[in-house]
Amino acid sequence: MVGICPMSNPIRDYAWGSRSVLAELLGEPVPSEQPQAELWIGAHPGDPSRVRRGERWISLTELLSADPDGVLGGAVASRFDGELPFLLKVIAAERPLSMQAHPDAGQAREGFSRENEAGIAPPERNYHDPRPKPELVCALTPFWALCGFRSAHEIAENFRSLQVETFATEVERLERDSESSGLERFFEALTSAGSQRVSRAASEAVAAAASDASEPMRNWVGKLAAQYPDDVGVLSPLFLNLVSLSPGEALFLGPGVLHSYLRGSAIEIMGNSDNVLRGGLTTKHVDLNELRRVLRFESTFPHSLRPRALGQGERVFETPAEEFELAVLSVEEGASWASANARGVEIVLVVEGQLQLIDRGTDESLVLERGGSALIPASVESYELSGAGVAYRAGVPCALASGA
């Protein structure tokens, strides 16, 4: 039987990352040599975590391959073909991430098959697997994001208030057709405009935004233009909702929702997929035609999520995703938290204090400092946390883990 395993997790050094956030979390020298963007905790084939088994460190993918039922639980192993269905991350954004969206399950299967048949390889490839990529981001610090289309009326007001005359005709058309078809045509017009038109529109927006740079939308137009002056993404705060999350608040992003994370550090959990369709604010592969195929052209107002109290010291974020569940565990000195008996595979990540993790069946224990993480296989009947600290618990929904 596989017991509780300490984890060692890879860091992705992307240019938009921070040189302090992840280093501080992991107790490493600050500043780091390179910008550190994401801490990956899971079994993603591109950069899997390692787990300690006795005196050896092995890849989590190797452990899963050797005993999928013991690690994942029979129901989860069967549903997700023996693979860990989620990837847990800590992200640290000093600069904006790309404007992007993810496909739904049907789009992912079709796109993966289509690109396989066409022999498309990276970096031109869009679909790296046949799976969807729902995601939840939970702020650790004040966190800014763009998420979902604004209403047609609001978009028109924003373009006029920033005096973007270059797209005045497109704005008028949007006002005449404010349904999803009008929103789709408006977005297509923006993203298919030549670089000269886009640059001129961005310059108009930046000039007007400078008159009141304290207003968040105008402030972000200026910041985006400083990094991507000829990119249509400079205008994204005008047509996408600008969201500010306080620590502990979260956003859930389903398929087809156009978004960009702008700044801040957060816990992110997602389906274990690489399927990203980008539309701007990036030097990576952009495929606007494919992006438009997966987008949901509907005005939305994203509501921040707060976790629901599940029991003593535990709060859970409720989402429609079947691939994952995220909970916050708060343990006070002299108290403890105990897991449910009916559960699948889980990962625990400590973000504050120090916690002792105890296998209640074998009494084996492990001390996790801040930044430390552990895999708790489904074969561990139950476990307990004691000490003083805060941790995040990543797993699959209880109903799916139990095969209900």
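No experiment lies behind these values; they were computed from the predicted model shown. What you see below is based on every heavy atom in this structure, not just the backbone, and it leaves out hydrogens, waters and symmetry mates.
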request  = May I have the step-by-step check of side-chain contact (heavy atoms from CB on, under 4.5 Å) for Ile376 and Val345, ending in yes or no?
outcome  = CA-CA 6 Å; Ile376 301 97; Val345 62; over 6 Å; no
task = Could you label the plane-to-plane angle of the Tyr14 and Trp16 rings as parallel, tilted or perpendicular, counting under 30° as parallel and over 60° as perpendicular?
result = tilted
inquiry  = So that I can tick it off, tell me whether Arg306 and Glu249 are bridged by a salt bridge, with the cut-off set at under 4.0 angstrom between side-chain N and carboxylate O.
reply    = yes
query = Checking side-chain hydrogen bond (donor to acceptor under 3.5 Å, both in side chains) for the pair Asn272/Glu83: CA distance, chi angles, key distance, verdict?
reply = CA-CA 9 Å; Asn272 195 21; Glu83 297 183 356; 5.2 Å; no
key: Minimal non-hydrogen separation, Arg150 against Leu240, with atom names   = NE-O, 2.8 Å
key: Which atom of Val257 lies closest to which atom of Gly148, heavy atoms considered   = CG1-N, 3.9 Å
request  = State the CD-CG distance between Glu325 and Leu136, to the nearest 0.5 angstrom.
outcome  = 10.5 Å
inquiry  = Assess, by modelled atom type and distance only, whether the side chains of Ser373 and Asn9 contain a donor and an acceptor separated by less than 3.5 Å.
reply    = yes
query = Hey, are Arg218 and Asn158 close enough side-chain-wise for a donor-acceptor pair under 3.5 Å?
reply = no
query = Charged N to carboxylate O under 4.0 angstrom, Arg197 versus Glu170?
reply = yes
query = Should Glu346 and Arg343 count as an ion pair when the cut-off is N to O under 4.0 Å?
reply = yes
request  = For Gln312 and Trp337, test the side chains for any donor-to-acceptor distance below 3.5 angstrom and give the result as yes or no.
outcome  = no
request  = Decide yes or no for Lys223 and Arg95: does some side-chain heavy atom of the first lie under 4.5 Å from some side-chain heavy atom of the second?
outcome  = no
ask   = Is it true that Asp287 and Arg278 make a salt bridge, defined as a side-chain N closer than 4.0 Å to a carboxylate O?
value = no
message = Between Glu179 and Ser181, is there a side-chain donor-acceptor contact under 3.5 Å, judged purely by atom types and distance?
response = no
message = Test ring-ring contact (aromatic ring centres under 6.0 Å, His included) on Phe143 and Tyr261; report intermediate values, then the result.
response = CA-CA 8 Å; Phe143 192 86; Tyr261 298 149; 5.5 Å; yes
key: Parallel, tilted or perpendicular: rings of His259 and His102 (30°, 60°)   = tilted
query = Is a side-chain donor-acceptor pair under 3.5 Å present for Gln354 with Glu369?
reply = yes
key: Minimum heavy-atom distance Gly389-Leu355, with the two atoms named   = N-CD2, 3.6 Å
ask   = Between Phe167 and Phe159, how do the two ring planes meet: parallel, tilted or perpendicular, split at 30° and 60°?
value = perpendicular
key: Residues Glu290, Arg114; criterion salt bridge (charged side-chain N to carboxylate O under 4.0 Å, His left out); working and verdict   = CA-CA 12 Å; Glu290 194 64 28; Arg114 170 165 39 91; 3.0 Å; yes
query = Going by an N to O cut-off under 4.0 Å, is there a salt bridge joining Glu322 and Arg79?
reply = yes
query = Do Asp129 and Asn275 meet the criterion of a side-chain donor-acceptor pair at a distance under 3.5 Å?
reply = yes
inquiry  = Using 0.5 Å steps for rounding, measure from the CG atom of Leu88 to the CG atom of Leu39.
reply    = 8.0 Å
request  = Before accepting this row, confirm whether a basic side-chain N of the pair Glu175/Arg160 lies closer than 4.0 Å to the acidic partner's carboxylate O.
outcome  = yes
key: From CA spacing to verdict: salt bridge (charged side-chain N to carboxylate O under 4.0 Å, His left out), Arg19, Glu33   = CA-CA 7 Å; Arg19 296 183 65 193; Glu33 291 186 6; over 6 Å; no
inquiry  = Check this for me, if you would: do Glu24 and Arg370 make a salt bridge, where the nitrogen-to-carboxylate-oxygen distance has to be below 4.0 angstrom?
reply    = no
query = Should we say atom NE2 of His153 is surrounded by more than 12 heavy atoms from elsewhere, each under 6.0 Å from it?
reply = no
Short N-O contact, Glu62 and Arg53, less than 4.0 angstrom = no
request  = Indicate the atoms forming the closest heavy-atom contact of Ile155 with Phe239, along with that distance.
outcome  = CG1-CA, 3.8 Å
message = I need the minimum non-hydrogen distance between Glu298 and Leu183, along with the two atoms involved.
response = N-CD2, 3.8 Å
query = Just how far is it from atom OG of Ser304 to atom CG of Leu251, taken to the nearest 0.5 Å?
reply = 7.0 Å
key: Side chains of Ser18 and Gln36, donor plus acceptor under 3.5 Å   = no
inquiry  = Quick one about Ser339 and Arg360 (side-chain donor to acceptor, distance below 3.5 Å, no hydrogens or angles considered), yes or no?
reply    = no
query = Should the pair Phe149 and Phe297 be assigned to parallel (<30°), tilted (30 to 60°) or perpendicular (>60°) ring geometry?
reply = parallel
message = Strictly below 4.0 Å, N to O, side chains only: are Glu110 and Arg293 in salt-bridge contact?
response = yes
ask   = If every non-hydrogen atom of Ala66 is compared with every non-hydrogen atom of Pro68, which pair is closest and at what distance?
value = C-CD, 3.8 Å
key: More than 12 heavy atoms from other groups under 6.0 Å of CD on Gln227   = yes
inquiry  = Check Glu94 with Arg263, please: is the shortest side-chain N to carboxylate O separation under 4.0 Å?
reply    = yes
request  = Run the salt-bridge test on Glu323 and Arg131 with the 4.0 Å N-O cut-off and return the result as yes or no.
outcome  = no
